[in-house]
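My questions all concern the structure below.
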Amino acid sequence: RDAINTGKIRGPRTFVSGERAANTREGNPPSIPLQTVEEARAYVRKLVALGVDVIKVDSSISYDQLRAVVEEATAAGLTVVGHSQNIRKAAEVGLKYMEHTNTLAAAILEAMGRTVRETPDQRGAEIASMDTALFPSLIEFMVKQGVYVNPTLAAQWRSSTPRGAEWAAVAAQIVKDPGLAFVPADVRESWTQPDSRKPNPEGYAKMAEFVRKYAAAGGKVISATDAGFMPGLSMHYEMQMLADIGVPPMTIVQGATLWPAEAVGRAKDLGSVEPGKLADMMVVEGNPLDDIASTKN
């Protein structure tokens with residue numbers, strides 16, 4: 001980040017979180033395991049001293065720890081993003097960011113009195129069991145709390161649509177570009193493989209209904225990709241999948257520009273075209289409000 005900002009190397013403007021705060025060593029790279037509320041506070045203070053731009057949490061963090069993380073981050077002028085077990089409970093203690101849709105499933109299933117499985121992957125498979133009649137109250141609460149919803153459709157749901165096979169075919173041609181030789185061969189090969197997740201049409205339909213209704217209620221839906229699948233191009237795929245489920249094009253554009261800047265606390269300088277902000281612009285052929293796919297032009 002610092003090398004880019006000082007011009008030492010070329011690259012995209014980057015915001016970093018440091019390692020994620022959690023209760024166990026989860027993920028790759030692993031999170032930092034924090035056993036107490038005081039450990040959580042101390043870890044955030046350490047990250048602030050190191051000069052991070054944003055604080056990130058993982059799903060195993062307790063709600064008491066999460067509240068402490070949000071308090072410490074807010075005091076330092078930083079926002080908190082990341083994973084949670086149950087988005088309603090997480091939002092109640094101050095997290096204003098929903099990453100992926102398994103945390104949505106937990107909120108609905110627990111409201112139904114269902115036992116929620118421990119791992120996010122297992123819970124994701126249970127999303128088809130959600131009672132959609134419980135959506136309106138959760139949406140109203142989350143919009144009021146100002147929660148940014150980042151569903152990561154291209155990363156987690158493309159196998160439930162024709163898009164997965166379509167994009168794998170595109171990738172098979174793209175990886176032949178000699179300009180991509182710096183990307184490790186196994187990574188390039190992974191782009192050409194269909195999503196390994198089993199299709200989940202009922203879960204996809206219910207997830208899509210929630211995201212569509214969240215946007216319609218004035219909620220802020222983030223266009224973001226998670227990691228690993230065709231960096232750069234996958235952003236346009238994410239925008240396409242949001243359009244596929246009925247999110248309006250202008251909302252999608254805002255979710256790719258303005259609201260991510262807000263979510264990481266950088267809306268003063270980035271995210272919209274206004275006097276005094278950095279002039280980050282791109283010109284496309286076509287009108288994204290007529291066809292979101294034109295963002296690739």
What I'd like to find out is whether the side chain of F210 reaches to under 4.5 Å of the side chain of M142, using heavy atoms alone. yes
SB check E140 K144 (cutoff 4.0 Å): no
Are R88 and F141 side-chain neighbours, meaning at least one heavy-atom pair lies under 4.5 Å? yes
Only counting residues at least two apart or in another chain, list the ones meeting side-chain contact (heavy atoms from CB on, under 4.5 Å) with P248. T251
I'd like to check the salt bridge (charged side-chain N to carboxylate O under 4.0 Å, His left out) partners of E110; sequence neighbours left out, ordered by chain and number. K89
Mark yes or no for whether E238, through its side chain, and A154, through its backbone, hold a donor-acceptor pair below 3.5 Å. yes
Among Ile, Leu, Val, Met, Phe, Trp and Tyr joined by side-chain contacts under 4.5 Å, find the other residues sharing a cluster with V16 and list them by chain and number. none
Within the 4.5 Å heavy-atom criterion, are I4 and T14 side-chain neighbours or not? yes
Partner set under side-chain contact (heavy atoms from CB on, under 4.5 Å) for E71, not counting sequence neighbours: R41, R67
What pairs with E99 under salt bridge (charged side-chain N to carboxylate O under 4.0 Å, His left out), at least two apart in sequence or on another chain? K56
What pairs of donor and acceptor atoms, side-chain ones from residues 169-187 against any protein atom, are under 3.5 angstrom apart with sequence neighbours left out?
residue : atom : partner : partner atom : Å
D177    : OD1  : G179    : N            : 2.8

Could you list the donor-acceptor pairs under 3.5 angstrom formed between side-chain atoms of residues 269-284 and any protein atom two or more places apart in sequence or on another chain?
residue : atom : partner : partner atom : Å
S272    : OG   : E274    : OE2          : 2.5
S272    : OG   : K277    : NZ           : 2.6
E274    : OE2  : K277    : NZ           : 3.0
K277    : NZ   : A267    : O            : 2.8
K277    : NZ   : L270    : O            : 3.4
D280    : OD2  : R13     : NH1          : 2.5

Measure the shortest side-chain to side-chain distance between Y43 and E19 over non-hydrogen atoms and say whether it is less than 4.5 angstrom. yes
Is there a donor-acceptor pair closer than 3.5 Å between any side-chain N or O of S31 and the backbone N or O of A21? no
Do S84 and T103 pair up side chain to side chain, a donor and an acceptor below 3.5 Å, judged on atom types alone? yes
L104/M98 under side-chain contact (heavy atoms from CB on, under 4.5 Å): CA gap, chis, key distance, verdict: CA-CA 8 Å; L104 161 66; M98 182 183 111; 4.0 Å; yes
Looking only at non-hydrogen atoms, find the nearest pair between M230 and W191 and report the distance. N-NE1, 3.3 Å
Quick one: list whatever passes side-chain contact (heavy atoms from CB on, under 4.5 Å) with A217, sequence neighbours left out. I139, V143
4.5 Å side-chain heavy-atom contact, D53 and L78: no
Can you find a pair of side-chain heavy atoms, one from W167 and one from L233, that are under 4.5 Å apart? no
Within a strict 4.5 Å, meaning less than it, do heavy atoms of the L95 and L66 side chains meet? yes
For a side-chain hydrogen bond (donor to acceptor under 3.5 Å, both in side chains) check, start with the C-alpha distance between T152 and D226, then their side-chain angles and the critical distance, and finish with the verdict. CA-CA 6 Å; T152 58; D226 205 7; 5.4 Å; no
Any residue meeting salt bridge (charged side-chain N to carboxylate O under 4.0 Å, His left out) with E39, in chain and number order, not counting sequence neighbours: none
Sorted by chain and number, sequence neighbours left out, salt bridge (charged side-chain N to carboxylate O under 4.0 Å, His left out) with E202 holds for K206
Check whether any side-chain N or O of S159 sits under 3.5 Å from a backbone N or O of R197 as a donor-acceptor pair, and report yes or no. yes
For atom CD of Q193, decide whether the heavy atoms of other residues, nucleotides or ligands shown that lie under 6.0 angstrom number more than 12. yes
Which pairs count as side-chain hydrogen bond (donor to acceptor under 3.5 Å, both in side chains) when at least one residue sits in residues 252-261, sequence neighbours excluded? none
I would like to know whether T24 and S60 meet side-chain contact (heavy atoms from CB on, under 4.5 Å); could you show each step before the answer? CA-CA 6 Å; T24 62; S60 67; 3.3 Å; yes
Under the criterion side-chain contact (heavy atoms from CB on, under 4.5 Å), I'd like the reasoning laid out for Y214 against K220: C-alpha separation, chi angles, the key distance, then a yes or no. CA-CA 8 Å; Y214 195 74; K220 297 179 178 181; 5.6 Å; no
Could you walk me through whether R163 and Y237 pass the side-chain contact (heavy atoms from CB on, under 4.5 Å) check? CA-CA 9 Å; R163 297 291 182 186; Y237 290 167; over 6 Å; no
Side chain of T225, backbone of M235: donor and acceptor closer than 3.5 Å? no
Polar side chain donor-acceptor pair, Q65 to N23, under 3.5 angstrom: yes
Of all residues at least two apart in sequence or in a different chain, which pass the side-chain contact (heavy atoms from CB on, under 4.5 Å) check with T74? V70
Side-chain heavy-atom pair T101, W157 within 4.5 angstrom cut-off: yes
